[in-house]
Amino acid sequence: QKVTVEVLDHLEHLALVDFRDSEGVERLQKAIQFADQLHEVNTDGVEPMDSVLEDRCLYLREDDVTEGNCTNELLKNAREKVEEYFVAPPGNIPLPKLEERESFLRDS
Amino acid sequence: AALKGGLRFQVAAALKEGHVTPTELCQSCLSLVKSTKFLNAYITIAEETALKQAEESEKRYKRGQPLGVLDGIPIAVKDNFNTAGIETTCASNMLKGYISPYNATVVQKLLDQGAVLLGKTNLDEFAMGSGSTDGVFGPVRNPWSYSRQYKEKSVPKSHSEDKESNWVITGGSSGGSAAAVSSFTCFAALGSDTGGSTRNPAAHCGVVGLKPTYGLISRHGLIPLVNSMDVPGILTRCVDDAAVMLGSLAGHDPKDSTTVQDSFKPFELPNLTDVSKLSIGIPKEYHAPGLSSEILALWSKAADLFKNAGAKVIEVSLPHTRYSIVCYHVLCTAEVASNMARFDGLEYGHRSDMNKSTESMYAATRREGFNDVVRGRILSGNYFLLKENYENYFIKAQKVRRLIANDFVKVFRSGVDVLLTPTTLSDAVPYMEFIKEDNRTRSAQDDILTQAANMAGLPAINVPTALSERGLPVGLQFIGRSFQEKQLLTVAKWFEKQVKFPMIQLEEVKRHDHSVFQHQKSASFS
């Protein structure tokens with residue numbers, strides 16, 4: 001069954017990546033088809049596996065400050081900054097709705 | 001001749017005895033990097049810092065105080081490892097110009113041992129791919145394309161056509177690292193391995209490619225693809241060298257809490273002569289559709305080799321093997337969707353000029369910075385993670401993962417020490433043929449024999465075995481028990497000694513040979 005335009009639009013919002021063209025959508029359709037093969041496997045009574053190291057305890061270190069004070073180094077790689085702040089464009093402005101966007105999905 | 005030597009017995013000894021100096025070695029390697037530029041194996045060449053490191057190493061040797069076997073040895077690092085002061089791009093527009101503020105733990109460890117970092121090697125963008133063809137700096141060419149062995153076997157339609165259109169891929173995604181080691185520009189290289197990305201190019205380029213047990217080597221500083229499967233990979237020209245590299249890199253890292261806390265003792269590989277106590281498993285499912293008859297024959301010959309030497313060789317079954325690729329597809333895209341979320345243009349990397357809103361800036365930045373492969377995986381991953389799909393895809397895949405891991409547990413519990421399988425379905429294909437299929441299809445095809453080891457977290461190694469009818473390398477894979485690298489490498493070393501894989505015959509290397517060095521045995525026999 002094909003993926004609806006609503007879901008595609010939802011994905012673009014979640015991923016903040018767009019499908020760009022029909023090839024992108026095709027790609028997703030094929031990916032889903034490919035993944036559907038998983039349903040051939042009987043997994044009754046099987047627990048999901050998060051990590052191959054699940055039988056061990058994750059290492060926790062002491063809560064001591066051992067490094068830091070590298071503001072200048074970290075700011076070096078940012079394009080827009082003011083004093084010690086990374087500068088972002090205004091937030092709280094949602095991505096325009098599908099009808100108003102320049103997304104290729106708009107005409108789907 | 002020194003260029004062709006392995007670490008353990010050859011070049012290291014030469015450095016110690018003063019037959020060659022670190023500076024000479026470094027300069028020679030840098031020069032060879034330049035003359036093999038057409039391979040496109042390197043993205044960044046750190047010439048100045050490498051020469052400085054070589055100078056420091058030379059001082060230490062003069063004082064008679066080298067840091068260890070790796071002191072003065074030129075190495076290369078895949079461009080998805082952070083290297084302080086050196087650009088780290090992941091072959092993506094997203095990180096072009098990004099200068100790492102720190103060294104990945106594995107890089108730091110190598111530098112602390114005195115290794116000389118020549119440069120960063122080329123890869124598929126963000127390590128997504130199996131050809132090293134999908135990065136923004138272009139594809140990597142397999143050095144064997146220019147070997148006498150390949151040229152002798154290929155029938156070019158015209159003299160000019162063959163050099164340009166006949167070249168074969170390195171495999172991927174650590175193709176640059178594999179090509180760098182294969183063409184003698186460095187003695188060892190770091191790769192990464194999530195679905196086979198170190199072993200696959202190792203097989204195609206005729207070098208040793210080791211994927212360590214998950215949790216043995218620190219991932220701190222390795223730009224992550226799939227956190228639950230990624231491992232740093234080691235590429236060398238012989239198994240002994242891989243053991244040396246492993247010895248310098250393995251061990252708990254407080255900066256990576258997924259590294260195990262067991263103490264790791266570096267080891268020297270024994271020269272195994274008696275294999276009668278060994279039990280080799282041959283998993284029948286690895287006779288996968290599409291496996292070339294050539295490789296099938298080689299695999300069979302290898303099994304016979306062990307049998308005739310007295311080892312126990314038995315057929316085993318890993319029933320869920322064929323679902324490994326599907327399982328990987330879901331888990332990988334899901335973890336990728338999460339891992340790639342950090343690239344928003346604010347703190348580092350590419351930033352779009354779009355500034356109407358945060359979200360539109362993020363969206364534009366990611367549109368401009370990622371290639372289609374990356375974007376495709378992010379979108380697929382987000383799909384599988386949607387509330388309505390989470391149980392049916394993500395959780396389902398995690399369950400199948402357990403079944404795959406359990407397959408291996410059962411087999412190793414039954415007394416098998418090491419598994420022997422092919423690494424790839426065929427020898428390296430020409431680039432023009434490779435690009436006819438898309439990245440996902442190719443990855444699904446090419447990872448089929450290597451992926452399950454990542455799924456189960458097991459150590460695995462590619463050992464170059466023989467040349468194909470086309471004159472290209474073919475390797476075989478050994479998969480070992482968790483954290484039993486010593487046993488795995490011991491078996492691999494024995495096998496390497498039996499097969500005597502031939503040395504690549506490259507014009508460029510021949511031309512470099514007579515300058516500095518004398519004796520040096522070749523790396524292909526120990």
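Letters A, B, ... are given to chains in the order of the sequence lines, protein chains preceding strands, and every chain is numbered from 1.
- Within the 4.5 angstrom heavy-atom criterion, no atom of Ala341(B) approaches chain A.
- The shortest heavy-atom contact between Ser380(B) and Leu28(A) is CA-CD1, 3.7 Å.
- Cys70(A) does not touch chain B: none of its heavy atoms, backbone or side chain, sits under 4.5 Å away.
- You'll find the side chain of Lys76(A) stays beyond 4.5 Å of the side chain of Ile99(B), heavy atoms only.
- Residue with the most contacts toward chain A among Leu385(B), Thr259(B), Val400(B): Val400(B) (heavy-atom pairs, distance under 4.5 Å).
- Using a distance-only test at 3.5 Å, with no hydrogens or angles considered, a donor-acceptor pair links the side chain of Arg375(B) to the main chain of Asp18(A).
- Across all their heavy atoms, Gln261(B) and Leu58(A) have their closest contact at NE2-C, 4.2 Å.
- Taking each heavy atom of Thr358(B) and Ala88(A) in turn, the nearest pair found is CG2-CB, 4.4 Å.
- Taking a 6.0 Å sphere around CD of Glu83(A), one finds it holds 12 or fewer heavy atoms contributed by other residues, nucleotides or ligands.
- Gln398(B) pairs with exactly one of Thr43(A), Val46(A), Asp50(A) by the side-chain contact (heavy atoms from CB on, under 4.5 Å) rule, that one being Asp50(A).
- With respect to chain A, the highest number of heavy-atom pairs below 4.5 Å among Thr441(B), Asn227(B), Asp353(B) belongs to Asp353(B).
- Although no hydrogens or angles enter the test, the distance criterion places no donor-acceptor pair under 3.5 Å between the side chain of Arg27(A) and the main chain of Gly376(B).
- Atoms OG and CG, on Ser257(B) and Leu53(A) in that order, are 10.5 Å from each other to the nearest 0.5 Å.
- Residue contact with chain A, scored on non-hydrogen atoms closer than 4.5 Å, involves the side chain of Ala405(B) exclusively.
- Heavy atoms closer than 4.5 Å to chain A are found nowhere in Phe394(B), neither backbone nor side chain.
- Considering CZ of Arg79(A) and OG of Ser352(B), their distance stands at 7.5 Å, rounded to 0.5 Å.
- Contact check on Asp372(B) versus Arg20(A) returns a salt bridge, with a Lys/Arg side-chain nitrogen under 4.0 Å from an Asp/Glu carboxylate oxygen.
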Test Glu80(A) against Met361(B) for side chain to side chain contact (heavy atoms under 4.5 Å, CB included), laying out the working first. CA-CA 12 Å; Glu80(A) 313 228 356; Met361(B) 186 278 274; over 6 Å; no
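- Side chains of Ser228(B) and Val52(A) form no contact here, defined as non-hydrogen atoms less than 4.5 Å apart.
- Within a 6.0 Å radius of NZ in Lys81(A), other residues, nucleotides and ligands contribute more than 12 heavy atoms.
- With salt bridges taken as basic N to acidic carboxylate O contacts below 4.0 Å, none links Lys396(B) and Asp36(A).
- If you measure heavy-atom distances from Glu54(A) to chain B, the contacts under 4.5 Å come from the side chain alone.
- Put simply, of Leu74(A), Ile32(A), Asn92(A), Leu60(A), the one with the most heavy-atom pairs under 4.5 Å next to chain B is Ile32(A).
- The residue among Ala35(A), Gly91(A), Ala78(A) with the most heavy atom pairs within less than 4.5 Å of chain B is Ala35(A).
- Glu335(B) is linked by a salt bridge (charged side-chain N to carboxylate O under 4.0 Å, His left out) to nothing, counting only residues two or more places apart in sequence or in another chain.
- Rounded to the nearest 0.5 Å, atoms CG (Leu16(A)) and OG1 (Thr365(B)) are 10.0 Å apart.
- Contacts of Leu386(B) with chain A are made by side-chain atoms alone, with heavy-atom separations under 4.5 Å and no backbone atom involved.
- Around atom CD of Glu84(A), no more than 12 heavy atoms belonging to other residues, nucleotides or ligands sit under 6.0 Å away.
- When Leu379(B), Val374(B), Asp344(B), Leu346(B) are compared by the number of non-hydrogen pairs under 4.5 Å with chain A, Leu379(B) comes out ahead.
- Options Arg322(B), His350(B), Arg401(B) differ in how many heavy-atom pairs under 4.5 Å they form with chain A, and the most are formed by Arg401(B).
- Note on Glu40(A), Glu12(A), Arg61(A): by heavy-atom pairs under 4.5 Å with chain B, the leading option is Glu40(A).
- Heavy-atom pairs under 4.5 Å with chain A were tallied for Pro254(B), Gly345(B), Gly381(B); the largest tally goes to Pro254(B).
- Between the side chain of Arg366(B) and the backbone N or O of Val17(A) there is no donor-acceptor pair closer than 3.5 Å.
- Interface residue Glu67(A): only side-chain heavy atoms are found under 4.5 Å from chain B.
- Residue Phe86(A) touches chain B through its side chain alone, counting heavy-atom pairs closer than 4.5 Å.
- Heavy-atom distances place no part of Arg377(B) under 4.5 Å from chain A, backbone and side chain included.
- Only the backbone of Met455(B) comes within less than 4.5 Å of a heavy atom of chain A; no side-chain atom from C-beta onward does.
- Under a 3.5 Å cut-off, the side chain of Ser357(B) and the backbone N or O of Pro90(A) do not form any donor-acceptor pair.
- Of the listed residues Asn42(A), Leu75(A), Leu14(A), Val87(A), the one with more heavy-atom pairs under 4.5 angstrom with chain B than any other is Val87(A).
- For Phe483(B), the part sitting under 4.5 Å from any heavy atom of chain A is the side chain, from C-beta outward, and nothing else.
- Interatomic distance, OH of Tyr59(A) versus CG of Asp256(B), reported as 11.5 Å (0.5 Å rounding).
- Residues Glu73(A) and Tyr102(B) bring no donor and acceptor atom of their side chains to less than 3.5 Å of each other.
- In this structure, CD on Gln37(A) lies 9.0 Å from NE2 on His329(B), to the nearest 0.5 angstrom.
- Counting non-hydrogen atoms of other residues, nucleotides and ligands closer than 6.0 Å to CG of Asp64(A) gives a total above 12.
- For His39(A) and Tyr393(B), the gap between ring centers is short of 6.0 Å.
- Val326(B) touches chain A through backbone and side chain together, each having a heavy atom under 4.5 Å away.
- Proximity to chain A (any heavy atom under 4.5 Å) is shown, for Asn392(B), by both the backbone and the side chain.
- No other option in Leu458(B), Val260(B), Thr333(B) has as many heavy-atom pairs under 4.5 Å with chain A as Val260(B).
- Considering OH of Tyr383(B) and CG of Leu8(A), their distance stands at 9.5 Å, rounded to 0.5 Å.
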